2 protein chains.
Amino acid sequence: MKSNLGVITEKLKNNKIRLSHQRLKVLEYLDENRIHPTVEQIYNALHDEIPTLSKTTIYNTLNTLSEAGIVKSLNIEDNEARYDIRTDEHGHFKCKKCEEIYDFEVDMDKVAVKDLEGFRIFSKDLYFFGICPKCSNKNT
Amino acid sequence: MKSNLGVITEKLKNNKIRLSHQRLKVLEYLDENRIHPTVEQIYNALHDEIPTLSKTTIYNTLNTLSEAGIVKSLNIEDNEARYDIRTDEHGHFKCKKCEEIYDFEVDMDKVAVKDLEGFRIFSKDLYFFGICPKCSNKNT
DNA sequence: TTTTATCTTGTAATAATTACAATATAATAA
DNA sequence: TTATTATATTGTAATTATTACAAGATAAAA
């Protein structure tokens with residue numbers, strides 16, 4: 001499976017963000033692990049390869065990248081941010097049992113929305129909660 | 001404007017939750033101040049009236065009430081929970097300028113959702129972000 | 001290669017939330 | 001009403017996520 005390093009560096013260059021080793025590794029990790037990881041998870045995954053890596057760097061990197069619109073930060077429960085390399089409009093389903101987060105396609109324009117005349121809308125977050133098929137089948 | 005103390009106590013009794021002074025005050029505050037407040041805001045508002053009130057109590061209360069489905073906790077940005085006494089399905093718009101949160105009506109069933117066959121869905125959170133009309137009109 | 005602006009790192013600070021034990025209180029029974 | 005008891009409240013301390021900051025390191029431009 002070929003990595004998307006080319007696409008990643010291109011995105012950074014377009015946004016005039018320096019191509020540091022750490023930034024590339026964080027983005028590569030997000031690209032290859034579509035699990036909507038927390039900072040902790042990213043840190044644990046990259047720490048072996050980059051022993052000097054600091055958690056502050058991951059926070060700085062993700063803040064820079066979300067401001068540039070290259071990654072999307074998710075505030076889905078638990079007061080711990082998660083990060084998604086997909087920035088196109090889609091929904092997130094979180095399983096209450098296994099805690100896994102699934103992407104799903106959604107047509108936000110079909111949401112019937114009254115009460116928002118005169119509101120300028122920049123972004124839309126849609127979170128569903130429930131039990132995923134895997135956990136539904138694991139019943140006692 | 002008559003308060004809904006009757007409705008509130010009824011809800012607690014139905015859920016076998018004790019009618020403590022603190023719980024009633026927190027619920028009354030949420031009912032009369034539809035601003036989706038943080039724990040901090042609730043604490044500041046009630047502290048004058050109940051000088052011994054502890055922040056831990058507010059956390060405990062809100063956790064109990066959300067588990068019972070009497071209030072809804074919102075994870076809308078900033079890693080600081082907000083609380084809503086409305087528990088029916090509706091969306092939340094957060095203004096990026098004034099930080100105010102607005103309710104809006106939404107028909108979630110109209111959201112075209114593929115990819116969720118076999119998923120049992122318990123709840124749906126919809127958050128919009130942008131600029132509210134008040135702030136749009138405050139332009140330079 | 002040199003320069004310089006910016007990044008990374010480690011530590012310390014901040015902020016939100018929870019754990020816990022002692023005291024207080026609501027609900028129940030007498 | 002009073003006594004009992006299970007549960008709630010409180011204050012403090014602990015935990016966890018995130019940010020602030022300054023010194024050293026590095027990517028990009030000259």
Side-chain angles (χ1 to χ4, degrees), chain A residues 5 8-29 36-68 70-71 73-83 99, chain B residues 5 8-29 36-68 70-71 73-83 99:
Chain A
L5 252 184
I8 289 170
T9 56
E10 208 53 39
K11 279 187 193 173
L12 291 177
K13 280 182 186 168
N14 290 341
N15 284 279
K16 303 199 196 309
I17 295 171
R18 284 197 182 171
L19 283 71
S20 74
H21 183 55
Q22 290 82 346
R23 286 176 180 162
L24 291 172
K25 282 298 173 188
V26 167
L27 275 171
E28 190 180 63
Y29 176 80
H36 314 89
T38 62
V39 166
E40 189 71 22
Q41 284 177 300
I42 300 172
Y43 179 77
N44 290 336
L46 297 181
H47 192 257
D48 282 345
E49 203 183 344
I50 316 168
T52 62
L53 182 65
S54 159
K55 235 178 235 183
T56 300
T57 298
I58 302 180
Y59 278 106
N60 290 342
T61 296
L62 292 168
N63 287 342
T64 302
L65 296 176
S66 0
E67 274 159 34
I70 296 172
V71 306
S73 96
L74 309 181
N75 282 82
I76 182 169
E77 278 198 323
D78 294 340
N79 293 325
E80 190 179 10
R82 296 176 163 273
Y83 294 88
E99 308 255 280
Chain B
L5 252 185
I8 288 171
T9 56
E10 208 52 39
K11 280 186 193 174
L12 291 177
K13 280 183 185 168
N14 290 342
N15 285 277
K16 302 198 195 315
I17 295 172
R18 283 197 183 172
L19 284 71
S20 75
H21 183 56
Q22 289 83 344
R23 286 176 180 161
L24 291 173
K25 282 299 172 187
V26 166
L27 274 171
E28 190 179 63
Y29 176 79
H36 315 89
T38 62
V39 166
E40 190 70 23
Q41 283 177 300
I42 300 171
Y43 179 76
N44 290 337
L46 297 181
H47 192 256
D48 281 346
E49 203 182 344
I50 316 169
T52 62
L53 182 64
S54 159
K55 235 178 233 184
T56 300
T57 299
I58 302 180
Y59 279 106
N60 290 341
T61 296
L62 292 168
N63 287 342
T64 302
L65 297 176
S66 0
E67 274 158 36
I70 296 171
V71 306
S73 96
L74 308 181
N75 282 81
I76 183 169
E77 278 196 324
D78 294 339
N79 293 324
E80 190 179 10
R82 296 175 161 275
Y83 294 88
E99 308 255 280

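Since the model is a prediction, treat every value here as computed from it, not as a measurement. Throughout, protein chains are lettered first and strands after them, A, B, ... in sequence-line order, and every chain is numbered starting at 1.
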| How many Å lie between CD1 on B/Ile42 and P on C/dT17, as a whole number? | 11 Å
| said: So, taking the atom named CG in A/Asn79 and the one named CG in B/Asn75, what distance separates them when rounded to the nearest 0.5 Å? | reply: 5.5 Å
| message | Judged by each residue's nearest nucleotide on DNA chain C, which is more toward the 5′ side, A/Ile58 or B/Val39? | response | A/Ile58
| task | May I ask you to decide if B/Arg18's main-chain N or O and B/Arg23's side chain share a donor-acceptor pair within less than 3.5 Å? | result | yes
| Hey, which of these two, B/Asn79 or B/Leu53, hits DNA chain D nearer its 5' end, going by closest nucleotide? | B/Leu53
| task | Would you mind classifying the nucleic acid contact of B/Asn60 as base, sugar-phosphate or nothing, using non-hydrogen atoms under 4.0 angstrom? | result | base
| query | Within the distance-only criterion (no hydrogens, no angle test), does the side chain of A/Arg82 pair as donor or acceptor with the backbone N or O of A/His36 below 3.5 angstrom? | reply | yes
| request: Let me know the distance between CG of A/Leu24 and P of C/dC7, rounded to the nearest Å. | output: 13 Å
| note | Scanning both residues in full, the closest heavy-atom pair of A/Ala45 with A/Tyr29 reads CB-CE1, 3.3 Å
| field | Point-to-point distance, once rounded to the nearest 0.5 Å, from CD1 of B/Ile42 to NZ of B/Lys25 | value | 14.0 Å
| query | Counting just side-chain N and O atoms, does B/Tyr59 come under 4.0 Å of either OP1 or OP2 of C/dT17? | reply | yes
| field | Atom-pair distance (CD on A/Gln22; C1' on C/dT9), nearest Å | value | 9 Å
| task | Extract, from 5' to 3' on DNA chain D, the first and final nucleotides lying under 4.0 angstrom from some heavy atom of chain A. | result | D/dA17 to D/dA28
| note | Judged by nearest nucleotide, the residue sitting upstream toward the 5' end of DNA chain D, B/Thr57 or B/Arg18, is B/Arg18
| query | Roughly how far, to the nearest 0.5 Å, is CD of B/Glu10 from CG of B/Asn14? | reply | 5.0 Å
| Rounded to the nearest Å, what distance is computed from the NZ atom of residue A/Lys16 to the P atom of nucleotide C/dA5? | 17 Å
| Between C/dT17 (P) and A/Asn75 (CG): distance, integer Å | 12 Å
| task | Rounded to the nearest angstrom, tell me the gap between atom CD in B/Glu77 and atom P in C/dA15. | result | 18 Å
| Interatomic distance, A/Thr56 atom OG1 to A/Leu53 atom CG [nearest 0.5 angstrom] | 9.5 Å
| Considering the terminal five base pairs at each end of the helix from C/dT1-D/dA30 to C/dA30-D/dT1, what angle separates the two local helix axes, rounded to 10°? | 40°
| If you look at every strand shown and take non-hydrogen atoms under 4.0 Å, does A/Thr56 touch a base, only sugar-phosphate, or nothing? | base
| said: Under 4.0 Å, heavy atoms only, any strand: does B/Ser20 hit a base, just the sugar-phosphate, or nothing? | reply: sugar-phosphate
| field | Rounded interatomic separation in angstrom, taking NE2 from B/His21 and P from C/dA26 | value | 9 Å
| task | Nearest whole angstrom, please: distance from the P of C/dA27 to the CG of B/Asn15. | result | 14 Å
| said: Quick check against the 3.5 Å criterion: does B/Gln41 have a side-chain atom that pairs as donor or acceptor with the backbone of B/Thr38? | reply: yes
| CG of A/Leu27 to CD1 of A/Ile70: how many Å apart, nearest 0.5 Å? | 6.5 Å
| said: Within this structure, what is the CG-OG distance for the pair A/Leu65 and A/Ser73, rounded to the nearest 0.5 Å? | reply: 11.5 Å
